[in-house]
Engineer: 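Before I ask anything, let me first share the structure, which is written out below as structure tokens.
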Amino acid sequence: IPGYGDSPPAEMVVTEQGRRTFLDHVLQELGMQRPVLVSPSMSGRFALPFLLTHGDRLAGFVPIAPVGTKGYTAEQYQRVQTPTLIVYGEDDTGLAPQALQNLQHLPEHHVAVLPGAGHACYLDKPEDFHQALLGFLSQLK
């Protein structure tokens, strides 16, 4: 993610509009047509603005305890028709409950809780994560 970790700072991603535009450019450059957007943790700052504006361009959305969910209203989430699989580790008592509380307003959502997994549940329980993800993907049109 630009501007996080060891990546250099990027002026473009300072604003919500800039992050949405950045993700849009990435998807266009990759030639992706209706991808499923998987969004763990910090990537929520990019994925959520994109979902709320361009959710119709996604085949599905998989938030994994993303940051930034409290920045939007229940009404904004309720307008999104993108099929969503909300994933989190049951031991993630920090970000996961807040994300679930906000994301549950997405009308087309399912929830997968990975037992014995923390915030990076896909690393803690990769087989459980992949099973949940593949099950979700198999139900998409």
Engineer: With a 4.5 Å limit on heavy-atom distance, are the side chains of P63 and F61 in contact?
Structural biologist: yes
Engineer: Please round to the nearest 0.5 Å and tell me the distance separating atom CG of L51 and atom CD of Q76.
Structural biologist: 11.0 Å
Engineer: Using atom types as modelled, flag every donor-acceptor pair under 3.5 Å from a side chain in residues 123-133 to any protein atom, sequence neighbours excluded.
Structural biologist:
{"unit_1": "D124", "atom_1": "OD2", "unit_2": "G118", "atom_2": "N", "d": "2.6"}
{"unit_1": "H130", "atom_1": "ND1", "unit_2": "P126", "atom_2": "O", "d": "2.8"}

Engineer: Answer whether the closest heavy-atom distance between the side chains of T15 and R19 falls below 4.5 Å.
Structural biologist: no
Engineer: Just jot down the side-chain contact (heavy atoms from CB on, under 4.5 Å) partners of T53, sequence neighbours excluded, or say none.
Structural biologist: R20
Engineer: Return a table of donor-acceptor pairs under 3.5 angstrom between the side chains of residues 101-112 and protein atoms on other chains or two or more places apart.
Structural biologist:
{"unit_1": "N102", "atom_1": "ND2", "unit_2": "T69", "atom_2": "OG1", "d": "3.0"}
{"unit_1": "N102", "atom_1": "ND2", "unit_2": "Q98", "atom_2": "O", "d": "2.9"}
{"unit_1": "Q104", "atom_1": "NE2", "unit_2": "Q101", "atom_2": "O", "d": "3.4"}
{"unit_1": "H109", "atom_1": "ND1", "unit_2": "Q104", "atom_2": "O", "d": "3.4"}
{"unit_1": "H109", "atom_1": "ND1", "unit_2": "L106", "atom_2": "O", "d": "2.6"}

Engineer: Name each donor-acceptor pair under 3.5 Å that joins a side chain in residues 27-40 to protein atoms two or more places apart or in another chain, with its distance.
Structural biologist:
{"unit_1": "Q28", "atom_1": "NE2", "unit_2": "D24", "atom_2": "OD1", "d": "3.2"}
{"unit_1": "Q28", "atom_1": "NE2", "unit_2": "D24", "atom_2": "OD2", "d": "3.1"}
{"unit_1": "R34", "atom_1": "NH1", "unit_2": "D56", "atom_2": "O", "d": "2.8"}
{"unit_1": "R34", "atom_1": "NH1", "unit_2": "L58", "atom_2": "O", "d": "3.3"}
{"unit_1": "S39", "atom_1": "OG", "unit_2": "S43", "atom_2": "OG", "d": "2.9"}
{"unit_1": "S39", "atom_1": "OG", "unit_2": "G44", "atom_2": "N", "d": "3.4"}

Engineer: Are V62 and L23 connected in a single hydrophobic cluster, I mean Ile/Leu/Val/Met/Phe/Trp/Tyr linked by side-chain heavy atoms less than 4.5 Å apart?
Structural biologist: no
Engineer: Test of understanding: clusters of I, L, V, M, F, W, Y form through side-chain heavy atoms closer than 4.5 Å, transitively. Do V80 and F46 belong to the same one?
Structural biologist: yes
Engineer: Show the atom names and distances, to 0.1 Å, of all donor-acceptor pairs under 3.5 Å that link a side chain in residues 83-96 to residues at least two apart or in another chain.
Structural biologist:
{"unit_1": "T84", "atom_1": "OG1", "unit_2": "T82", "atom_2": "O", "d": "2.9"}
{"unit_1": "E90", "atom_1": "OE2", "unit_2": "G116", "atom_2": "N", "d": "2.8"}
{"unit_1": "D92", "atom_1": "OD1", "unit_2": "G94", "atom_2": "N", "d": "3.3"}
{"unit_1": "D92", "atom_1": "OD1", "unit_2": "L95", "atom_2": "N", "d": "3.3"}
{"unit_1": "D92", "atom_1": "OD2", "unit_2": "H119", "atom_2": "ND1", "d": "2.7"}

Engineer: Evaluate side-chain contact (heavy atoms from CB on, under 4.5 Å) for I64 paired with C121, printing each intermediate quantity in order.
Structural biologist: CA-CA 8 Å; I64 308 166; C121 60; 3.6 Å; yes
Engineer: Which residues pass the side-chain hydrogen bond (donor to acceptor under 3.5 Å, both in side chains) test with Y72, not counting sequence neighbours?
Structural biologist: E16
Engineer: First locate atom CZ of F22, then atom CZ of F50, and finally report the distance between them rounded to the nearest 0.5 Å.
Structural biologist: 12.5 Å
